[in-house]
Amino acid sequence: MWLSKQTRSGMAVSGSDLGVTSISGGSAGVVTKGETRKLPVYGPGGYVWQPAVGETVLVIKGGTGGEESCVAGAKQTEAPDGLRPGEVYIHSGGCGVCLRNNGTVEMRGSNIVLKGRVDINGSLYINGEPCKPGAGG
């Protein structure tokens, strides 16, 4: 009996909890049952995200006593109208990019700035109107 209890105490623990960020950035502080600082932040491959202070985040816990934790994501905001299964909407503040199932890329915002070279394979529409090369669009 004593031996079986001793073996179980060293077993890995895993779980998750919702928390609120207290320190933003790629090494976040999160309050769940208490505050934990310097948590690594994970997201989908190719995507960089830093949670804002006050944002509700998912904390995944592992290790012997649950002491190895990380921030794995945040509660999603409401999807924009017309977003279909399989489509992706990336946003921050007043701008966003929507990747549609039909191959369309939509950029939304009042201050969209494209820097560097932009290659478009297909048709370009500005405010719903086709833009012709050399038209000054």
Side-chain angles (χ1 to χ4, degrees):
M1 182 74 109
W2 177 85
L3 185 58
S4 66
K5 287 183 181 176
Q6 295 303 315
T7 305
R8 286 188 190 143
S9 67
M11 293 175 64
V13 174
S14 64
S16 62
D17 206 353
L18 289 178
V20 176
T21 53
S22 55
I23 300 171
S24 64
S27 181
V30 179
V31 177
T32 53
K33 293 176 179 71
E35 183 178 39
T36 306
R37 294 185 176 191
K38 297 185 179 179
L39 293 180
V41 176
Y42 290 88
Y47 184 89
V48 178
W49 164 70
Q50 295 191 356
V53 171
E55 192 166 16
T56 300
V57 294
L58 176 64
V59 178
I60 296 179
K61 300 176 180 185
T64 313
E67 74 282 356
E68 296 176 25
S69 299
C70 68
V71 174
K75 183 171 176 23
Q76 291 189 156
T77 59
E78 195 67 32
D81 288 341
L83 190 70
R84 301 184 51 81
E87 296 181 337
V88 177
Y89 182 60
I90 302 168
H91 65 95
S92 177
C95 66
V97 176
C98 188
L99 307 177
R100 299 286 185 183
N101 292 331
N102 65 5
T104 301
V105 177
E106 294 176 6
M107 291 185 280
R108 302 174 182 197
S110 58
N111 254 346
I112 296 175
V113 177
L114 301 174
K115 295 185 178 182
R117 179 178 167 160
V118 177
D119 290 327
I120 298 173
N121 295 316
S123 302
L124 175 63
Y125 287 78
I126 299 178
N127 293 324
E129 297 293 323
C131 181
K132 305 280 187 220

Shared ILVMFWY cluster between I120 and V105, side chains joined below 4.5 angstrom? yes
Between atom OG of S22 and atom CD of E35, what is the distance when rounded to the nearest 0.5 Å? 3.5 Å
Are there more than 12 heavy atoms of other residues, nucleotides or ligands under 6.0 Å from atom CG of N127? no
Salt bridge (charged side-chain N to carboxylate O under 4.0 Å, His left out) against R100, all qualifying residues, sequence neighbours excluded: E87, E106
Shared hydrophobic cluster for L124 and M107 (ILVMFWY, side-chain gaps under 4.5 Å): yes
What do the steps show when you test V71 against Y42 for side-chain contact (heavy atoms from CB on, under 4.5 Å), and what is the final call? CA-CA 6 Å; V71 174; Y42 290 88; over 6 Å; no
Given K61 and D17, is the side-chain contact (heavy atoms from CB on, under 4.5 Å) satisfied, shown in steps? CA-CA 8 Å; K61 300 176 180 185; D17 206 353; 3.8 Å; yes
Indicate if V41 and I90 have the same hydrophobic cluster label, given that clusters are the connected sets of ILVMFWY residues with side-chain heavy-atom separations under 4.5 angstrom. yes
Is it the case that one hydrophobic cluster holds both W49 and V97, taking links as side-chain heavy atoms less than 4.5 Å apart, direct or via other members? yes
What distance do R37 atom CZ and L39 atom CG have between them, rounded to the nearest 0.5 Å? 11.0 Å
Please determine whether residues L114 and L99 belong to a single hydrophobic cluster, defined as Ile, Leu, Val, Met, Phe, Trp and Tyr linked transitively by side-chain heavy-atom distances below 4.5 Å. yes
Could you list the residues that satisfy side chain to side chain donor-acceptor pair (under 3.5 Å) with T32, not counting sequence neighbours? none
For the atom pair SG (C70) and CD1 (I60), what is the distance rounded to the nearest 0.5 Å? 5.0 Å
Specify the closest pair of heavy atoms between Y89 and C98, including all atoms of both residues, with the distance to one decimal. CD1-CB, 3.8 Å
Taken to the nearest 0.5 Å, the spacing of S69 OG from K38 NZ works out to 15.0 Å
Quick one, V57 with V30, criterion side-chain contact (heavy atoms from CB on, under 4.5 Å). Give me CA distance, side-chain angles, the key distance, then yes/no. CA-CA 8 Å; V57 294; V30 179; 3.9 Å; yes
Would you give the length of the straight line joining atom CD1 of I112 to atom SG of C95, rounded to the nearest 0.5 angstrom? 7.5 Å
Ignoring hydrogens and angles, write down the donor-acceptor pairs under 3.5 Å from the side chains of residues 72-82, residues two or more places apart or on other chains.
from	atom 1	to	atom 2	distance (Å)
T77	OG1	H91	NE2	3.2

List the atom of A28, the atom of P51, and the distance in Å for their closest heavy-atom pair. CB-CG, 4.2 Å
Hey, is CG on N101 packed in by over 12 heavy atoms from elsewhere, all under 6.0 Å? yes
